Amino acid sequence: MKKLINAPDAVLHDALHGVEAAHGDRVRVSYDPAFVVRRDAPVQGKVGLVSGGGSGHEPMHGGFVGVGMLDAACPGEVFTSPTPDQMIEATKAVDGGAGVVHIVKNYTGDVMNFDMAAEMGRGEDIEVETVLTNDDVAVEDSLYTAGRRGVGVTVLVEKICGGAAEDGRSLQEVAELGRRVNANGRSMGMALTPCITPGSGNPSFELGDDEVEIGIGIHGEPGRYREKIAPASQISERLMTPIVEDLPFSNGDRVLAFVNGMGGTPLIELYVVYAEVAKIARERGLTIERNLVGNYITSLEMQGCSITLVKLDDEMVRYWDAPVNTPALRWGV
Amino acid sequence: MKKLINAPDAVLHDALHGVEAAHGDRVRVSYDPAFVVRRDAPVQGKVGLVSGGGSGHEPMHGGFVGVGMLDAACPGEVFTSPTPDQMIEATKAVDGGAGVVHIVKNYTGDVMNFDMAAEMGRGEDIEVETVLTNDDVAVEDSLYTAGRRGVGVTVLVEKICGGAAEDGRSLQEVAELGRRVNANGRSMGMALTPCITPGSGNPSFELGDDEVEIGIGIHGEPGRYREKIAPASQISERLMTPIVEDLPFSNGDRVLAFVNGMGGTPLIELYVVYAEVAKIARERGLTIERNLVGNYITSLEMQGCSITLVKLDDEMVRYWDAPVNTPALRWGV
Amino acid sequence: MAITRDETLDWMRRFAGEVAEHRQELVALDTAIGDGDHGTNMNRGMTKALEKLEGAELADSGAALKTVAMALVSSVGGAAGPLYGTLFLQIGNALAGHSEVDLAAFAGAWRKGLEGVQARGKAQAGDKTMVDALIPAVEALESASDLNAGLRAAAQAAEEGMKATTPLIARKGRASYLGERSKDHQDPGATSTYYLFKSAAEALAG
Amino acid sequence: MAITRDETLDWMRRFAGEVAEHRQELVALDTAIGDGDHGTNMNRGMTKALEKLEGAELADSGAALKTVAMALVSSVGGAAGPLYGTLFLQIGNALAGHSEVDLAAFAGAWRKGLEGVQARGKAQAGDKTMVDALIPAVEALESASDLNAGLRAAAQAAEEGMKATTPLIARKGRASYLGERSKDHQDPGATSTYYLFKSAAEALAG
Ligand SMILES: Nc1ncnc2c1ncn2[C@@H]1O[C@H](COP(=O)(O)OP(=O)(O)O)[C@@H](O)[C@H]1O
Ligand SMILES: Nc1ncnc2c1ncn2[C@@H]1O[C@H](COP(=O)(O)OP(=O)(O)O)[C@@H](O)[C@H]1O
Ligand SMILES: [Mg+2]
Ligand SMILES: [Mg+2]
Ligand SMILES: [Mg+2]
Ligand SMILES: [Mg+2]
C-alpha cells in the first residue's frame with residue numbers, strides 16, 4: 001500500500017487539518033467529535049442541512065459544506081459511517097431555529113447511527129427530518145437486502161436542498177424536495193480497479209487485467225458481477241440501460257446527467273463516457289438540461305465511474321442553478 | 001491496460017465530444033484542427049489567451065477555457081504537444097484586435113510547435129506575445145537540459161492573466177504579468193505510481209511496492225531519483241525544501257500554495273499533504289494568502305502530487321480573486 | 001459461582017486482546033463480502049473502551065459494560081458501532097446494581113442484548129449477521145445448569161453459529177448487496193461475536 | 001543513376017512501413033527516457049502523409065517530400081513533428097523542380113535538412129538526439145562516389161550513430177530531464193532516423 005499519509009489511523013485527523021487550513025475562510029472544523037461546519041453557522045431562521053458518512057469519498061461530504069449546500073458534514077473513518085455524537089453536535093451547531101435535515105445514504109451503518117443520534121438527541125428540542133438516499137439500481141432484490149444504496153444522487157440532493165434552504169423554505173419543504181430528487185434519481189457504477197483502505201492495506205477485490213466489475217457501490221465492495229472490459233460505448237450502455245428502465249425515464253423527460261469518477265479515473269475518460277451518455281440519452285428522447293462531470297463521490301483511488309440520472313422539474317432546476325459556495329462546487333457567487 | 005475509452009486513437013476526439021456536450025453553454029469545440037474556445041470569442045478589445053499542450057493533463061487546458069481565464073485551448077494527442085495549425089486557428093478565433101498571449105509550457109515539442117505557429121502565422125497581422133512557463137525545480141542543471149519544465153504554475157498563470165485580460169489590460173501588461181507569476185513560481189512533483197498512455201498500453205516506469213519517484217514531470221517520464229516511501233510529512237518536506245530555497249522564498253513572503261494531484265490520488269490524501277505544506281510554510285515564516293487543492297494538472301491516472309508556491313504581489317492577488325467561469329475553476333460569477 | 005466487576009473487566013480486556021490479535025482476520029473477512037473495516041472498527045472501539053474503563057469509577061459489572069457501550073457507540077461507527085453498542089448497553093442495563101451476577105441474571109441480560117440487536121438491525125436468524133452467532137450462544141446460556149458450563153457451551157455455540165454463516169446468502173448489512181456472491185464466506189460480525197463469547201468463557205468460567 | 005518521383009514515393013511508403021512495424025519499439029525506447037509516444041506520433045504522421053500523397057498531384061520528389069513535411073507538421077506534434085517536418089521541408093525545397101535527383105543534389109538537400117533540424121532544435125552532436133544519426137549519415141552521403149554506395153553508407157552510418165547514442169547523457173529534449181539516468185538507453189528519434197535512411201537505401205539504391 002502506497003499512500004500520501006502519515007499513518008493509517010491519522011488520515012482523517014490529518015486531512016481535516018488540511019481542510020481547515022485550505023478552506024478556513026468558509027468552514028470551521030471540530031475535531032472531537034469530528035465535523036466540518038459553515039463558518040457562519042448557525043444561520044438564523046434557515047433550515048440546517050447535515051450530512052455525513054464514511055471518509056474516502058471526497059469531496060463528499062466535507063467539500064460540500066458552504067453557502068447554498070450543506071451546513072455541516074460528519075466524516076467517519078474511511079468507509080465507516082460516523083457516530084451519533086458527531087451527528088448530535090453537528091446538528092446543534094447548525095440549528096438556526098428552523099429545524100435540521102439529515103441527508104443519509106442508505107447503508108445499515110449510516111442509518112443506524114443517524115437513528116441513534118435521533119434517539120439520543122431527543123429532548124434537545126431540535127426538529128429533525130431525515131432524507132434517505134437509495135438510488136443505486138445495481139441492488140436488485142431490495143426486499144432481501146439492506147435496500148438500495150445511496151450513491152450519486154446524494155450529491156444532487158445536497159445541492160438542491162441547499163438551494164431551497166438558502167431560499168428560506170421550511171423544514172418540511174426542504175425534506176420533501178430532497179425526497180423527490182431521490183425518488184426521481186437512479187444510479188449505477190462500475191470499477192476498473194479496486195481500492196485500498198489505509199486500515200486494511202489490501203485491495204478491496206481482485207480483478208483480472210481484462211475484467212471490470214459492474215454494479216459496485218462506493219466502499220470498495222465487490223459489484224453484482226464482473227465481465228470482460230469493453231469499449232466505453234458498451235460500458236455506458238451497460239450502466240444506462242438499468243438506470244433508464246428502472247424509474248422508468250421516458251421520451252420527453254428533462255434530466256440532469258451526472259458522470260462521476262470513482263477517484264482514480266482520469267477526467268479525459270469521464271468526458272469520453274459523458275459523450276456516450278449524451279448520445280444514449282438523445283437516442284432515448286431524454287433532454288439533458290443540466291450536467292455534472294467529475295470526481296464528486298469517490299472510492300479512494302478506485303478507477304471507474306458511476307452514472308446518475310435525475311428526472312428534473314422546474315423547482316429542482318431552480319435550486320440546482322442557485323448560488324453555491326463550497327470547496328468542491330461553486331457557482332453564482 | 002484498462003481504460004474507459006473506445007479506442008486508443010479515438011480518445012481525444014471522443015473526449016472533445018464529451019466536453020462539447022457537457023459545457024456547450026460556455027465553450028465551442030473545433031475538431032479539425034482541434035481546439036476548445038470560449039462561446040463568445042472573439043471578445044472585441046480584449047487580449048486573447050491561448051494555451052495548449054498534450055492531452056492527459058485534464059482539466060488543463062480545456063477545462064480552463066471561459067470568462068476570466070483562457071479564450072482557447074489546443075489539445076494535442078495524449079502527452080504530445082499540439083500542432084501549429086491548431087494554434088494558428090485558435091489564435092485567429094480569439095483575436096479581438098488587442099493581440100493574443102500564448103501560454104506555453106517549456107517542453108521542446110510545445111516550444112517548437114508554438115514557434116512554427118508564430119512563423120507560419122506571420123502575415124496574419126495578429127500581435128502575439130508568448131509567456132513560457134518553467135517552474136519545475138526538479139530539473140537542476142538547466143544549462144545542460146532543455147531547461148526547466150513548465151508545470152503547476154501554468155494553471156496559476158492562466159488564471160491570473162485571464163483576470164488581467166478581462167480587466168482590459170494591454171497585451172504587454174498581460175504578458176508581463178504572466179512572466180512575473182512564472183518567475184515567482186516554483187514547483188516540484190512526485191509519483192507513487194506510473195501512468196499508462198492509451199497509445200503505449202504500458203506503465204511509464206516501474207516502481208517497487210515501497211518506492212516513490214521524486215522530481216517527476218507531468219508526462220509519465222521518470223523523475224530525478226527514487227526512494228523508499230515515507231510519511232506525508234517527509235514527502236512534503238522533500239518537495240517544499242527545493243521549492244522554497246530555489247527562488248528563494250523568505251520569511252514574511254506572501255504566497256499562493258497549490259497542492260495538485262496527479263490524477264489518481266484521492267482528494268483526502270491531497271488534504272493530508274496540504275496540512276503539511278501549511279505547517280512547513282508557517283515554520284518558514286511564509287503567509288499562505290491563497291491556496292488551491294485538487295487535480296488541476298494531471299498525468300492520466302498517476303498517483304502522486306506536486307506542490308507549487310508563488311510569491312504574491314497585490315496585482316496577482318487581485319486577478320487571482322477576479323471572477324472566473326470555466327468548467328474546472330469557477331468563482332465570483 | 002458468580003461474576004464480579006473485576007472479572008467483567010478481565011473479560012473486556014481479553015475481548016479487546018482477541019480483537020487486536022484477529023484484526024487482520026476480521027478485515028479480510030469483511031473485505032471479501034463488505035468494505036474491509038470490521039477489524040479496524042472493533043479494534044478502535046475496544047481500545048477506546050479500555051481507555052474509558054481505566055479512568056472510570058465503576059460500581060459493578062453493569063456499569064463497566066455500559067461504559068464499554070458508550071465508548072463503542074461514539075468511536076466505532078458503521079454497522080458494528082450501534083449494534084455492539086446496543087448489545088453492551090442492554091446487557092449493562094440489565095446487570096446494573098448487581099454486585100455479583102449469577103447464571104440466570106447473566107443469561108437474562110444476554111437475552112435483552114440480543115433483543116436490542118434485533119430491534120436495532122432487524123436481522124433474523126439466517127440473515128448472515130452477528131445474530132447468527134448470538135442466538136445459539138444466548139440459548140446455550142439459557143439452557144445451561146451452571147455458569148461455567150453455560151459459558152463454555154455459549155462459546156461453542158457461538159463458534160458453530162459463526163461457522164454456519166459461511167454457506168448463507170446475506171440478507172442484511174453490506175454483504176446483502178452481493179446476493180449470491182456472498183455465499184461461501186464467513187460473516188465478520190458473527191466472527192467478532194464468537195470472540196466475545198470465547199473471551200467470556202476464558203475470563204468468567206472458573 | 002538518379003532518383004525519380006516514384007522512387008521517392010516508394011521510399012515514403014517503406015518508411016511508413018518501418019515506422020508502423022517498429023511502433024512498439026519506438027514507444028518502448030521513448031518510455032524509458034521520454035514519454036512513450038514517439039512510435040505513436042511517427043505512425044500517426046506517416047499514415048497521414050501517405051493519405052496526403054495518395055490524393056496529391058506531385059510534380060517531382062521535392063513536391064512529394066514537401067507534402068510529407070506538411071502532413072507531419074500538422075499531425076505529429078511533440079518534438080518530432082516540427083523536427084521531421086523541418087527536415088522534410090528543407091529536403092523537399094532543395095529538390096523541388098528537379099525531375100531526377102543525383103547524388104550531389106541528394107546530399108546537398110540532406111545537408112539543408114540537417115541544418116534545418118539543428119536550427120529548429122539547437123541540438124549538437126552528442127546531445128543524444130536524432131541529430132546523432134543524421135550527422136554521420138549526411139556526411140556519408142557527401143563523401144560517397146556514387147548514389148547506391150552513398151545510400152548504403154548513409155544507412156550504415158545512421159545505424160552506427162543511432163547505436164552510439166546509447167551511452168550518452170541527453171542534453172536536449174525530454175530525456176535531458178533525466179540527467180545521468182538517461183544513460184544506457186538508445187535515443188528513440190535517432191532510431192526513427194535510422195529507419196528513414198534504411199528505407200531510403202532500400203527504395204532508392206538500385
Ligand atoms: N442489520 C444487521 N443486523 C445485525 N448485524 C448486522 C446487520 N448489518 C450488519 N451486521 C453485522 O455487522 C457486520 C459488519 O460490521 P462493520 O464492517 O463494522 O460495519 P459496516 O458494514 O458498516 O462496514 C456484519 O458482518 C454483520 O455481522
Ligand atoms: N532539440 C532537439 N533537437 C533534435 N532532436 C530532438 C530535440 N528534442 C528532441 N529530439 C528528438 O525527438 C525525439 C522524441 O520525439 P517525440 O517522442 O515524438 O517527441 P516528445 O519528446 O515531444 O514526446 C527524441 O528521441 C530526440 O531524438
Ligand atoms: Mg464500513
Ligand atoms: Mg510527447
Ligand atoms: Mg465493514
Ligand atoms: Mg515522446
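Numbered from 1 within each chain, the chains take letters A, B, ... in sequence-line order. These numbers come from the heavy atoms of this one structure, side chains and all, not from hydrogens, waters or symmetry mates. The shown structure was predicted, so the numbers you read here are calculated from the model rather than taken from an experiment.
- A donor-acceptor pair is defined here as one N or O able to donate and one able to accept, closer than 3.5 Å; no such pair exists between the side chain of A:Arg149 and the backbone of C:Arg174.
- What you find for C:Gly36 and A:Thr197 is that their closest heavy atoms are O-OG1, 4.4 Å.
- Within a 6.0 Å sphere centred on CD of C:Gln156, other residues, nucleotides and ligands contribute 12 heavy atoms or fewer.
- When the candidates A:Pro84, A:Gly76, A:Gly215, A:Gly217 are compared by the number of heavy-atom contacts under 4.5 Å with chain C, A:Pro84 comes out ahead.
- Proximity to chain C (any heavy atom under 4.5 Å) is shown, for A:Glu206, by neither the backbone nor the side chain.
- With a 4.5 angstrom heavy-atom cutoff, A:Pro222 touches chain C via backbone and side-chain atoms both.
- Interface remark: of the candidates A:Ser81, A:Pro203, A:Gly223, A:Ser81 forms the most heavy-atom pairs closer than 4.5 Å to chain C.
- Listed options A:Asp110, A:Val111, A:Asn113 were ranked by heavy-atom pairs under 4.5 angstrom with chain C; first place goes to A:Asn113.
- Looking at A:Asp32, neither its backbone nor its side chain comes within 4.5 Å of chain C, counting heavy atoms on both sides.
- Proximity to chain C is absent for every atom of A:Pro194, based on heavy atoms less than 4.5 angstrom apart.
- Side-chain contact check for C:Ser74 and A:Asp85: no donor-acceptor pair (N or O, by modelled atom type) lies under 3.5 Å.
- Ranked by heavy-atom pairs under 4.5 Å with chain C, the first of A:Thr80, A:Asp9, A:Thr108, A:Asp115 is A:Thr80.
- In this structure, A:Met112 and C:Gly121 approach most closely via the heavy-atom pair SD-CA, 4.0 Å.
- Between the C:Ser176 side chain and the A:Ala146 main chain, a donor and an acceptor come within less than 3.5 Å of each other.
- Two residues are said to be in side-chain contact when any heavy atoms from C-beta on lie closer than 4.5 Å; C:Asp37 and A:Glu77 fail this criterion.
- Using modelled atom types, no side-chain atom of A:Arg224 and backbone atom of C:Arg181 make a donor-acceptor pair closer than 3.5 Å.
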